[in-house]
Amino acid sequence: MQINDIIKIIFWMQILPCLAYCAYAKGNMYPLDSKYIKYEELNDNLDKIVQINPDLAQKRIIGFSSVEYLPIYALQLGNKNASEAILIIGQHHGEEVIGVNIAFTLAEILLNGYSKNIKQQHLLQRYQIWIVPTLNPEGFRIVSSGILKTKRKNNRDTDNNKKLDLRTDGVDLNRNYPVFWDLDPETDTNSPFYKGSEPASENETKAIVELAQNHNFVLAIFLHSSISGAYNEHIYLPARINNSELFQKNLALARTYADATKKDYLKGNYEVFEGSTSEVGNARNFFFHRMKTPAFLVEIGGKNKRGQSIIHPPNKTLIKIVDKNVNALLSVFYKLDN
Ligand SMILES: [Zn+2]
């Protein structure tokens, strides 16, 4: 072999892994990249956040998951005696993990900013801010630990065959709330959208219903990142749009989020979808129609130029997405606090 050939081989040996990485880096990474929070880290991460400012942060367990009895954690931030509360749920669907990272970063920023930023100080004095990083610890554990890339539902043995079929079993927690449940036709237990055997049949949903009944939530936001790619970078309002004052307030808050958030891969900002949305037992319908709380869902995952849905981007993109959405959440809180 000539010296030129050896140089060529060395060149390609160095360049090929780089090319492979670059192609990969624009898409999804699974197992998840290193900055994604894992199920096993939840408890320690919550403890670390509480330590930033123990007077303003409490770790709570608001319930246990339906099958494995995993704790459903929440952070209660701000003034414990405040009459008004805000709720952020980072995750309902197991593979939609970005919202879990957003939930933790939001808590860190709120607590770190308390002594420096007068607007943040006011937020934590006026409101209790409840942050539930994941409402679906069973699905989150499977996806974050590298067992399976997509696991939307909890681990309920919905076909009753006495074993867990990871790809088909489970209840879609965002179809299980006690509102419009009868209107949802999805009774196929294997469907990714299976609504459960009855309204609030699942412990996870019950935990949120109870939380809602015990606190005066004035705003509730739910973070998602749908793998289908069809809904990405949009904000979804409760069903049955109308001209009521409550609905207009809801719309204004959703628009504030959209205006503050640039799309990740395409041009422009997030958009509020103003067409009619599903009359099913989802969280935003429950909060808006049952609790009279402004509520909306944010679909975070981006779509790249090839039309591929990206919900597990590499660290660098993840961090950008998290920062952007935390800023958007703060903008919505400030708007509410006006
Ligand atoms: Zn979702």
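Predicted, not measured: the structure shown is a model, and the values here were computed from it. Here, residue 1 is the first one in the sequence, and each next residue gets the next number. As the structure lists them, so they are numbered: ligands from 1, and atoms in each ligand from 1.
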Using 30° and 60° as the class limits, which term best fits the ring planes of Phe217 and Trp130: parallel, tilted or perpendicular?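 Judged by the thresholds at 30° and 60°, the geometry between Phe217 and Trp130 is perpendicular.
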Where do Tyr30 and Gly146 come nearest, in terms of heavy atoms and distance? OH-CA, 3.1 Å
Results of side chain to side chain donor-acceptor pair (under 3.5 Å) for Gln76 - residues two or more places apart only: Arg60, Gln128
Just checking, is any N or O donor in the side chain of Thr168 or Asp159 under 3.5 Å from an acceptor N or O on the other one? no
Of all N/O/S atoms in His224, which lies nearest to the Zn ion (ligand 1)?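 Answer by atom name: ND1.
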Among the N, O or S atoms of His93, which one sits nearest to the Zn ion (ligand 1)?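 His93's closest N, O or S atom to the Zn ion (ligand 1) is named ND1.
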Assess Glu96: does it contribute an N, O or S atom lying under 2.8 Å from the Zn ion (ligand 1)?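 Given the 2.8 Å cut-off, Glu96 counts as a ligand of the Zn ion (ligand 1).
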